[in-house]
There are 2 protein chains.
Amino acid sequence: MGTTKTQVFTEKQNELANILKVLGHPARLAILEQIAKQDKCICNDFVLEIDLAQATISQHLKELKKIEIIQGTISGKKMSYCINKERWEAIQGIINQFFKQNIQTNNCSI
Amino acid sequence: MGTTKTQVFTEKQNELANILKVLGHPARLAILEQIAKQDKCICNDFVLEIDLAQATISQHLKELKKIEIIQGTISGKKMSYCINKERWEAIQGIINQFFKQNIQTNNCSI
DNA sequence: ATTTATTATCGCAATATTACGATAATAGAA
DNA sequence: TTCTATTATCGTAATATTGCGATAATAAAT
């Protein structure tokens, strides 16, 4: 227990759930917002802006990298993170596809 | 520890993160899909469709109710769940607002 | 009144997540 | 080379989540 029973669900459901789960943390949203609007995006920037330990920020960055919504390049001793715009839009698309499904509004008598 | 440091983030970030977190589970996506497309939506329907114990389904329904994306009405001894369409669309809007923020694409040399 | 069907809740075990200090690893500066 | 800055990773503690069986609660059926 404690583990999600992924075998029970479709690939699509698991994939979307995983994306949403990663996005479902305020620190990760804050990081994304900051990367999106800023020019130079190194990990230390986040540490200065967001009141979390450097180790914690680094962990969150790793999660975001896993769903490929951001990517990092090494530039000297610093790390430069940026949005993977294609993936960003793809994710937006996947989410919207979910929300655009037809909703039966006549199923409940409210 | 183990707790998200919500004080550190904006109301908006926490709110969106919370919504995404709830949506970030395949069982809850499956439930939403089933409610959305079906006509009669009682808890037992989910138990028959989704291979999870009744107690587990009930718990997931509770999570979904918390963000008000679904609502339930008692009809006899059965429970009728349906999508809260207004909220559904509002959530879609909140998510899209996040994704529509301007992305600096020239921040990383890739 | 008793039984049955339906759903919520409780209590628990297993696992995951969050956060952080300490430390490693690396590159540039002195 | 030695020091410093930057970032990742390890280990760990606290808490949260997931899932389930058992049980409670309620309404309908018998």
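When reading the values below, keep in mind they use all heavy atoms of this one structure, side chains included, and skip hydrogens, waters and symmetry mates. In what follows, chains are A, B, ... by sequence order, proteins preceding strands, each numbered from 1.
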Judged by nearest nucleotide, the residue sitting upstream toward the 5' end of DNA chain C, B/F9 or A/T4, is A/T4

Base D/dA8 to side chain A/Q54, donor-acceptor N/O within 3.5 Å cut-off: yes

Determine whether a donor-acceptor pair (N or O, by modelled atom type, separation under 3.5 Å) exists between the side chain of B/N84 and the backbone of B/Q71. no

OP1 or OP2 of C/dC20 sitting under 4.0 Å from any side-chain N/O of A/H60? no

Calculate the interatomic distance between A/K65 atom NZ and D/dA8 atom C1'; express it in whole Å. 8 Å

Please report, rounded to the nearest Å, how far the P atom of C/dT18 is from the CG atom of B/N14. 13 Å

Below 4.0 Å: OP1/OP2 of C/dA14 and any side-chain N or O of A/K5: no

So that I can tick it off, tell me whether B/K66 and B/E63 are bridged by a salt bridge, with the cut-off set at under 4.0 angstrom between side-chain N and carboxylate O. yes

Whole-Å distance, A/L64 CG to C/dT17 P, equals 14 Å

Figure out the CD/P separation between B/Q7 and C/dT18, and round it to whole Å. 15 Å

Between A/E89 (side chain only) and A/E86 (backbone N and O only), is there a donor and an acceptor less than 3.5 Å apart? no

Check whether the side chains of B/T10 and B/Q13 place a donor and an acceptor atom closer than 3.5 Å, and report yes or no. yes

If you find the nucleotide of DNA chain C closest to B/K78 and the one closest to A/G24, which residue's nucleotide is nearer the 5' end? B/K78

With heavy atoms under 4.0 Å as the rule, sort A/L52 into base, sugar-phosphate or nothing. sugar-phosphate

Assess the side chains of B/Q92 and A/N96: does a donor N or O sit below 3.5 Å from an acceptor N or O? yes

Within the pair A/S58 and D/dA8, is there a side-chain N or O less than 4.0 Å away from OP1 or OP2? yes

Are the side chain of B/W88 and the backbone N or O of A/F99 linked by a donor-acceptor pair below 3.5 Å? yes

Return the value, rounded to whole Å, for the distance between atom CG of B/D51 and atom C1' of D/dC20. 12 Å

Would one find a side-chain N or O of A/T56 under 4.0 angstrom from OP1 or OP2 of C/dC20? yes

Can you find a side chain N or O atom of B/Y81 that sits less than 4.0 Å from OP1 or OP2 on C/dT6? no

Spacing of B/I42 atom CD1 relative to C/dT7 atom C1', expressed in whole Å: 10 Å

Let me know the distance between CD1 of B/I57 and C1' of C/dT9, rounded to the nearest Å. 16 Å

Given atom CZ of A/F46 and atom C1' of D/dA8, what is their separation to the nearest angstrom? 15 Å

Reading DNA chain D from 5' onward, which residue's closest nucleotide shows up sooner: B/I74 or B/T3? B/T3

So, is B/H25 close to the D/dG19 phosphate, meaning a side-chain N or O under 4.0 Å from OP1 or OP2? yes

Would you say A/K21 places a side-chain N or O within less than 4.0 Å of OP1 or OP2 belonging to C/dT17? yes

Quick check on C/dG28: is either OP1 or OP2 less than 4.0 Å from any side-chain nitrogen or oxygen of A/K77? no

